[in-house]
Structures are given as C-alpha cells and as structure tokens.
J.: 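One structure is given below, represented as structure tokens, and several questions about it will come after.
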Amino acid sequence: MMFSKYYTLLLISLLFLTIGCQQESQTVKKKPNVVFILVDDLGLMDLGITGSKYYETPNIDRLAKGGMIFTQGYAASRVCSPSRASVMTGKFTARHGITDWIGAKTGTQWRDHGRHDKLLPADYVHDLPKEDITLAETMKEAGYKTFYAGKWHLGKEGSWPEDHGFDINVGGWDKGSPIGGYFSPWENPKLENQVEGENLSMRLAKETASFIRKHKDSSFFAFLSFYAVHGPIQTTNSKWKKYQEKAVKNGIAESGYIMETVLPIRQEQDNPIYAGLVESMDDAVGVVLEELRMQNLDNETIVVFTSDNGGVASGDSFSTSNLPLRGGKGYQWEGGIREPYFIKVPWLKNNGTENNHPVTGTDFYPTILDLADIDLLPNQHIDGISLKPLLEGGEIEMDRPLYWHYPHYGNQGGEPSSIIQENGWKLIHYWEDGREELYKLDVDIGEENNIIEEHSLVAQEMSENLMNWLKDVNAKMPELDPKFNAKLAAERHEMLVNEKWPSLEKDRIKVLSEDFKPNKDWWGSQLTKD
C-alpha cells in the first residue's frame with residue numbers, strides 16, 4: 001500500500017517535471033529565418049512600388065510595403081559578379097578583387113571584340129576567394145540550414161554555392177545567363193529538366209518553397225537568386241499580348257532611344273516581352289511569400305529584396321528605361337548602381353517606411369547577423385554596416401563614403417571609372433583621360449549638370465580620398481592600349497549612330513505591332529541578340 005502511494009507520487013512528480021520542461025522548451029524561440037531574394041538586372045524603376053506605370057509587380061510591392069524601403073539603396077557594382085561577391089563577403093569590389101562579371105575579357109584579349117577602345121581592361125579575380133568567410137558560412141556556423149537557388153556566377157566548379165557555405169544548391173553554377181532560356185528544356189547541370197516548357201523563375205521559386213516547407217521547424221537561410229530579368233528576354237504569348245495592348249493604350253512614343261556617349265539607350269518602358277518577364281518573376285516571388293504564410297512563418301522570417309545592378313537600357317537586350325536615373329546596367333551613373341532595396345523584419349512594423357540613408361550591398365551581411373543576434377565579424381564584412389538601428393527607427397551617426405571601382409568596359413556602354421559618394425556628393429573619375437564629374441544628387445538625380453568647376457575644392461578633396469582608398473586596397477588599374485586606333489574607333493561610333501540606333505527603333509515598333517510573330521515556341525524569342 002505504502003509502496004503504491006509512493007509510486008503514484010513519483011509518477012505525478014515526473015509528469016509535472018516533464019510538462020515544465022516542455023513549457024520551457026516551447027518558450028525558447030529559434031533564431032529568425034532569412035529569405036534573401038536577389039533579382040538579376042532589375043532596375044530601380046522596374047517596379048510598381050518605385051514608380052513604373054507599365055510593369056506590374058503586386059507581390060514585390062506588397063513585400064516592400066510590409067518592410068523598410070531604402071530609397072538610396074545601391075549595388076556594389078554596375079555589373080553582376082562583383083555585386084554578388086560583395087553581398088557574400090561584405091567587401092567592396094576593389095577589396096575582394098572581383099571587379100567585372102566573371103568571363104569578361106581583359107588585357108590584350110579585349111581587342112578580340114573589335115571595339116577599338118583606348119584602354120586594356122584590368123585583370124580581376126575569377127572565383128569567390130576561399131579565404132573569405134561568406135555570409136552563408138557564418139549562418140551555417142550559427143546553426144542555420146542554408147539553401148541556394150538560381151544564378152551564382154561566382155566561379156567555376158569548385159567555387160559554387162556548396163563550396164561557400166550552402167548545404168543545398170539548386171541551379172547555381174558558372175554561367176550568369178539562363179543557358180537554354182527561361183523555359184525548359186534549359187541547360188543547367190544543377191537543375192534538371194522535368195516538364196517541357198516549365199518556367200525557370202517559377203521552378204526556382206517552387207524549389208525554394210519546398211525547402212521552406214521541409215525545414216519549417218528549424219532556422220533556415222534561403223537565398224533565391226533569379227536568372228530573371230537578364231537577357232535573352234522571353235515571355236509567354238499571353239503576357240506579351242497583355243503588355244502589347246497596355247503599351248498601345250498608354251500611347252506609343254514616336255521614338256524610344258537617344259544616343260548616349262557610346263551606345264543608344266532606351267528612354268521608354270514599353271517592351272512587352274520584358275514586361276512579361278518581370279511579371280513572371282513577380283509571380284514567382286508570390287509563391288515564396290505565400291509558402292511562408294501557409295507555414296505560419298511570415299511573422300518570424302526576415303525577407304530581403306534587391307537587385308545586383310541597374311536595368312538594361314543599353315546593350316544586351318536593351319530592355320528597359322531607368323529614367324529619371326541616367327544610364328543603366330554597366331554605366332557609372334545612378335541608373336547603373338541604384339537599386340530596389342527592401343528589408344522586411346516582421347516584428348519591426350515598418351510598413352513601407354522610406355529611409356534615405358545611403359546603403360549598399362555590403363551592408364546586408366552585418367545587418368542579417370545583427371538581426372539574428374549572431375556575433376558580427378567586422379574584419380570580414382569590413383565595408384558593411386548593420387542597418388538594424390535604421391530598421392528600428394533610429395539613426396546611424398556615421399556617414400561613411402561609398403566606393404565603386406570598375407576598371408573595365410561594359411557591354412552596355414559604360415566607361416572604365418571609379419566613384420566616391422559622400423554627403424550627397426558623387427564624384428566619378430574616368431580612367432581613359434583622367435577627367436572627372438561631380439554631381440549633387442539631392443538636386444540632380446539625373447546627373448545632368450556636372451558642377452565640378454563651381455565646386456572645385458569639394459571635387460579635389462573627394463578625388464584625393466578616392467585615390468587614397470584605391471591605393472590602400474591595392475586596386476588593379478587598366479592600361480593604355482598602344483595599338484589604339486582613333487580612326488577605327490570613330491568609324492565604329494558612326495556605325496552605332498547611323499545603323500544600330502535606327503535598327504533598335506525599328507525592332508521596338510516591330511515587337512509592339514499586333515502582327516508580331518515571335519519564334520514558334522515563344523520561349524526562343526527575344527528583342528535582340530546584342
């Protein structure tokens with residue numbers, strides 16, 4: 001009898017102890033999840049939330065309205081690979097050494113393009129440096145399950161996502177464009193073809209959603225890196241028709257281009273193929289956001305959204321206009337580097353708050369660590385700062401200079417140059433002839449007025465700071481080409497003005513006409529093959 005009573009009391013004690021332990025474990029919150037969405041070649045003005053009257057992006061708009069909108073958000077470079085390396089390392093491009101898209105020719109090989117340029121572009125690092133501790137490696141060390149889907153373009157095999165901290169890699173390899181197109185069958189050794197005609201952006205989104213679903217009970221870091229909206233631009237017949245009709249309704253401008261310094265540049269957002277590609281990417285973003293909601297994870301998941309460089313207004317597919325920003329992908333002006341830059345932290349009720357503090361791609365690394373309560377690595381993300389104080393409604397006292405270094409020629413018409421921006425001033429130094437431009441961005445966002453003569457002392461100080469910084473990080477420089485032929489260069493320029501420009505105008509009208517006939521399978525269609 002006594003034994004039975006003692007046994008009963010023991011069971012009751014164990015039961016309460018078990019319940020107490022369960023309650024205690026339930027109160028221990030796991031670290032917040034992180035979903036990082038990186039779009040390729042998306043311009044600042046390519047979204048409804050940022051002012052486009054042509055493209056439709058309801059899912060991204062909703063995401064931005066739920067977080068903080070950084071109105072002066074910058075990519076670390078005007079082209080893809082350098083920007084992506086800066087996100088992963090927290091370093092400016094001249095410091096980590098990847099200063100051009102990986103695969104671009106340098107030195108005397110640049111002559112193979114027959115462009116007759118004055119300079120031989122500098123060499124650059126061709127793989128994401130192993131000695132750098134990437135954001136993914138840091139997250140993994142902190143206990144996160146790490147996932148990558150989509151464009152990588154940070155080195156050959158041996159320097160793919162799985163070699164830099166990602167547990168799972170779906171679709172990330174050497175190439176920076178969607179080889180085989182946006183509709184299956186594509187050519188990608190890390191992404192098998194399953195359904196003919198399947199949309200690439202949607203497939204990457206579904207893979208990301210599947211990862212979220214499988215790892216909903218653990219802390220995860222999912223990086224969705226779209227190949228969209230990089231050329232060749234492609235869409236479906238129905239989306240082309242929708243935006244062709246919308247362009248007609250809006251009124252088709254008589255001309256769509258002007259001549260920039262090197263190439264013609266698009267001035268109108270009226271390309272129905274590109275518009276369809278943008279909408280498909282937005283549809284895919286919606287799939288991921290909906291999965292977070294379905295799994296009840298939307299209130300415990302940080303979502304980042306940005307682009308790696310400006311919209312393609314020249315070269316490639318001449319897809320979009322970045323106005324009122326000047327230039328686009330590959331250019332040294334704001335159209336090449338200012339990006340959509342949204343961070344949603346659900347427990348910080350920002351709800352579309354705009355913040356005009358200048359921020360850049362190197363800041364994501366320390367910001368994500370800070371928000372997840374992971375120790376910062378200041379010796380690694382040396383060129384980034386945590387934006388947590390801004391997200392919490394505070395301020396950042398430090399107004400640090402931002403630097404860009406591009407000792408190369410772009411495919412889009414940009415020139416070899418380096419940039420420093422500080423306190424609203426922006427100075428561009430051109431390596432062909434040493435000339436410089438100075439702009440006050442708060443009154444001249446379109447960079448129409450070079451005010452270097454009126455503010456020579458400001459320009460001199462900024463130029464000196466830029467040169468000292470480039471020297472400190474051992475930046476590589478282009479060299480004069482001893483075989484430069486001014487006559488051949490002038491002849492090429494005349495061809496671009498007299499032949500290329502009219503051809504682009506003709507193609508623009510053709511793709512907007514009701515009887516436009518794309519390739520039979522549609523996903524082989526594109527505006528140009530430049």
J.: Trp404 and ring-ring contact (aromatic ring centres under 6.0 Å, His included): which single residue from Phe92, Tyr74, Tyr331 fits?
T.: Tyr74
J.: Do NZ/NE/NH1/NH2 and the carboxylate oxygens of Asp383 and Lys91 come within less than 4.0 Å?
T.: no
J.: For Lys426 and Glu447, run salt bridge (Lys or Arg N to Asp or Glu O under 4.0 Å): C-alpha distance rounded to whole Å, both residues' side-chain angles, the deciding distance at 0.1 Å, then the answer.
T.: CA-CA 9 Å; Lys426 176 180 176 182; Glu447 294 167 287; 2.8 Å; yes
J.: Output yes when a side-chain donor or acceptor of Arg266 lies under 3.5 Å from a complementary backbone atom of Phe318, and no otherwise.
T.: yes
J.: Check Gly276 against Lys239 and note the closest heavy-atom contact, atom names and distance.
T.: O-CD, 3.4 Å
J.: Is Glu334 paired with Arg326 through a side-chain N to carboxylate O contact shorter than 4.0 Å?
T.: no
J.: If only atom types and distance count, is the side chain of Tyr409 paired as donor or acceptor with the main-chain N or O of Leu119 below 3.5 Å?
T.: yes
J.: Can any side-chain N or O of Asp308 pair as donor or acceptor with the backbone N or O of Asp41 at less than 3.5 Å?
T.: yes
J.: Glu436 side chain to Ser463 main-chain N or O, any donor-acceptor pair under 3.5 Å?
T.: no
J.: Donor-acceptor pair, Ser52 side chain versus Asp46 backbone, under 3.5 Å?
T.: no
J.: Could you tell me whether the side chain of Ser317 and the main chain of Gly231 form a donor-acceptor pair under 3.5 Å?
T.: no
J.: Angle class for the Phe147/Phe211 ring planes (parallel below 30°, perpendicular above 60°, tilted otherwise)?
T.: parallel
J.: Salt-bridged, Lys118 to Asp481, with N to O below 4.0 Å?
T.: no
J.: To check you understand the geometry: which heavy-atom pair defines the closest contact between His116 and Asn485, and what is its length?
T.: CB-O, 4.3 Å
J.: Do other residues, nucleotides or ligands put more than 12 heavy atoms under 6.0 Å from the CG atom of Asp112?
T.: yes
J.: Which residue in the set Phe223, Tyr365, Tyr144, Tyr148 passes ring-ring contact (aromatic ring centres under 6.0 Å, His included) when paired with Phe36?
T.: Phe223
J.: Closer than 3.5 angstrom, by distance alone: can the side chain of Ser159 be matched with the main-chain N or O of Leu154 as a donor-acceptor pair?
T.: yes
J.: For Phe342, which residues count as a ring-ring contact (aromatic ring centres under 6.0 Å, His included) partner, sequence neighbours excluded?
T.: Phe305
